[in-house]
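For reference, the structure is listed below as structure tokens.
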Amino acid sequence: MEQKLLLSSQLSVHNTLCEVTLNSAALSWRPRGDNTHKRAAGRRYGPLNAAGSQYVPVCEIISVQETEEDCASTGVGKWQKVPQTPVESNQHAFTVSYVERTQKHRWRCGEVTLHCTDRTLCLQWVQAIREQLSLLTIRPKRLLVYINPYGGKHHGKRIYEQKVAPIFSRASISTDVIVTEWANHARDHLKTEAELKKYDGVVCVGGDGMFSEIIHGLISRTQSDSGVDQNLSDETLIPCSLRIGIIPAGSTDCICYATVGSNDPVTSALHIVVGDSQPMDVCSIHHNNTFLRYSVSLLGYGFYGDVLTDSERKRWMGPARYDISGVKTFMSHRYYEGTITFLPADENVGTPRDKLPCRTGCNICSLPSADKQGSRDEESVSDTDRKGVWQVIRGKFLAINAACMSCACPRSPKGLSPSAHLADGTVDLILVRRCSRFDFLRHLLRHTNKDDQFDYPFVEVYRVRQFHFTPRYEETNSELDLREADGSGRKRFFSRICREHPACNCSLVHSSWNCDGEILPHAAIQVRVHCQLIKLFARGIEEHSVFEEPYPLSAI
Ligand SMILES: Nc1ncnc2c1ncn2[C@@H]1O[C@H](COP(=O)(O)OP(=O)(O)OP(=O)(O)O)[C@@H](O)[C@H]1O
């Protein structure tokens, strides 16, 4: 659809006289008399280029400001050329900052300065662009920011102050900043004290652990404000209204990577500024009608649970602990017995092996499927539609993984389940049955290359809406410890171990669940996906490359 022209003038850009136009979709400029299709010289990733025009979509303009210039030339403190031509004597100018895409899904703040012959025209342009920006009501105006000063390499505060705060201030976003003083400070503040009505969003500066704090605080607060008891596993949870932004500053920034495509603080800040919104599913985890935790990325029992348990004992080693614990856990090659019951997802949400990854504007996540209805509008779905048919699988497993999203990260760019969706109301349940060490290694290595990691007879993968896991012996390790201590359970306990693990003399009956990097206190759990319970300032991973044009030419 042709957009209505709002303003049009001849202004100079990079010392070239251009025809500049503004409509509600884009600001564009084209050198006068130039109909060729070329980019501004020296700008590798400049504004988008269509049919000879350079253009910036209005929704990607960050700000516009009158530029204070003593002279058209910009080199402060240098000898300057005396203006000669009419173009160079355009001393009034305004600068437009906009989103510029670079490699690997990174965004940068680009700038273009447009020179005018008189100040009235200059102010007219600034006002016209600002008016268009003010119509973008999805953009946040006020944010509550939590900074974990100890996340990752302890650079959270510096990253925020140097890279993020200047972008927020340029976009006229006001902030209340809290630097956390203890673990769970942000969670507890959100749960009880924070005046959420004042804000358009919550931002966390830290890693995945910090993000987990934020979602626990925000979801709990939303439920308690609405009188919903999150201890009841079949309760319909109320979606959170505030969007969450993640400024990556941790040692693991997987959620940010999977929802934006990079773990770059400037990119994340720009997604917040433009007011992106990416819905996201959340799994609730219960043990006997007691709420344990929420999970948004990986729930792993067996291999990933054991790696985390071991790495927690080696915290002093820093990030190297994950590699060391990984090798150690791989060598121990433990398997665990148990029963998984699950409720499969509807067919319309695809399968974990359909090679249809979740990308910006994902069709599967936008489907009004029964899966989503199950959590959004329980009343309107019949009981049979909602309940489906539960399936039961028993066996000995090296790993049981539930991936709520692809779990892509720089180490495994396609992730644990490459086609898992962010917001379709399902998780991909991956069962790795007992196999040889060599086969397990082959399966693990496929996470780092293009081959299908599920294409082995010992690997099964299902897309599910709910699942329950019961270990063969239902006690937790702590319960076993107690029984060991009083001596009564000693004989039974050891007889089990000898029967199940005669060769390795292993002393574990249970593994632990790794829930987004935290260890759960119980092995027997009930998991339910809540479709689109939270929203992030993100747009998923953009499919198109830098040089493709994401906007129809008719919009210009
Ligand atoms: N001021 C604080 N002091 C101590 N711990 C904190 C503080 N603020 C937050 N935390 C906790 O620090 C943990 C790790 O934080 P974060 O995720 O930001 O960094 P990380 O380096 O990625 O974490 P990890 O070491 O788990 O990989 C979180 O679980 C969070 O609850």
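Counting convention: from 1, in listed order, for ligands and their atoms alike. All values derive from a computational prediction rather than experimental measurement.
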Quick one: does ligand 1 sit under 4.0 Å from the side chain of [X], the backbone, both or neither, non-hydrogen atoms only?
| X | value |
| --- | --- |
| H185 | neither |
| R321 | side chain |
| W182 | backbone |

Who's the nearest protein heavy-atom neighbour of [atom], and how far?
| atom | result |
| --- | --- |
| atom 26 (O) of ligand 1 | R315 NH2, 3.5 Å |
| atom 19 (O) of ligand 1 | G151 CA, 3.3 Å |
| atom 3 (N) of ligand 1 | Y150 CD1, 3.3 Å |
| atom 15 (O) of ligand 1 | N148 ND2, 2.9 Å |
| atom 22 (O) of ligand 1 | S251 N, 2.8 Å |
| atom 4 (C) of ligand 1 | A183 N, 3.8 Å |

Report yes or no: does [X] contribute a side-chain atom to a donor-acceptor pair with the main-chain N or O of [Y] at less than 3.5 Å?
| X | Y | value |
| --- | --- | --- |
| K414 | R446 | yes |
| S412 | H447 | yes |
| T180 | I147 | yes |
| R221 | A194 | yes |
| R243 | D276 | yes |
| N514 | Y304 | yes |
| R463 | L429 | no |
| Q532 | A423 | yes |

Pull out every atom of ligand 1 sitting under 4.0 Å from any heavy atom of [X], numbered as shown with elements.
| X | result |
| --- | --- |
| G206 | 18 (O) |
| T180 | 1 (N), 2 (C), 7 (C), 8 (N), 9 (C) |
| Y322 | 27 (O) |
| D208 | 17 (O) |
| E213 | 9 (C), 10 (N), 11 (C), 30 (C), 31 (O) |

- Item | Within-4.5 Å side-chain heavy-atom neighbours: L536 and I534 | yes
Show me the donor-acceptor pairs, under 3.5 Å and distance only, between side chains in residues 212-219 and residues at least two apart or in other chains.
residue	atom	partner	partner atom	Å
S212	OG	H216	ND1	3.4
S212	OG	R293	NH2	2.9
E213	OE1	A186	N	3.3
E213	OE1	R187	N	3.2
E213	OE2	N184	N	2.8
H216	ND1	S212	O	2.8
H216	NE2	Y294	N	2.9

- Task: Kindly confirm or rule out an N or O of G209 lying under 3.5 angstrom from an N or O of ligand 1.
- Result: yes
- Task: Please confirm whether G207 comes within less than 3.5 Å of ligand 1 when only nitrogen or oxygen atoms on both sides are compared.
- Result: yes
